[in-house]
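Let me begin by presenting the structure, written as structure tokens, before commenting on it.
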Amino acid sequence: MNVNIIGNKVFVNGSLLPPVPGAKSSVSLSQVGNRLYVNGYEYRNGRWKRTLRAILHALF
């Protein structure tokens with residue numbers, strides 16, 4: 001999986017994802033397997049979802 005962040009837009013394998021809720025100037029990005037975590041949100045089923053796992057990835 002190739003993840004690019006340009007400004008407040010997130011691209012995965014060249015496809016634009018929906019905007020990340022609560023986008024900031026700084027970004028905390030974690031990729032584990034096929035899961036993507038950005039600023040405490042997990043991209044799941046075509047939308048961003050606030051999950052405990054995503055929050056932990058943002059903190060640590």
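We count residues from 1, following the sequence as given. Note that the structure is predicted; figures quoted are calculated from it, not measured.
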So which pairs with a foot in residues 16-45 pass ring pair (Phe, Tyr, Trp, His ring centres under 6.0 Å), sequence neighbours left out?
Tyr37-His57, Tyr43-Trp48
Is the count of non-hydrogen atoms from other residues, nucleotides or ligands lying under 6.0 Å from Asn34 atom CG greater than 12?
no
Do Met1 and Ile5 belong to the same hydrophobic cluster, where Ile, Leu, Val, Met, Phe, Trp and Tyr are linked whenever their side-chain heavy atoms lie under 4.5 Å apart, directly or via other members?
yes
Would you list the atom pairs, donor with acceptor, under 3.5 Å between side chains in residues 9-18 and any protein atom, with sequence neighbours excluded?
{"unit_1": "Asn13", "atom_1": "OD1", "unit_2": "Asn2", "atom_2": "N", "d": "2.9"}

Residue pairs, two or more places apart or on separate chains, that pass salt bridge (Lys or Arg N to Asp or Glu O under 4.0 Å) and touch residues 46-60:
none
Other members of the hydrophobic cluster containing Ile55, with the 4.5 Å side-chain heavy-atom rule, please.
Leu52, Leu56, Leu59, Phe60
By salt bridge (Lys or Arg N to Asp or Glu O under 4.0 Å), which residues pair with Arg44, not counting sequence neighbours?
Glu42
For a quick test of reading the model, state the closest non-hydrogen atom pair linking Ala58 to Ser28 and the distance between them.
CA-OG, 3.5 Å
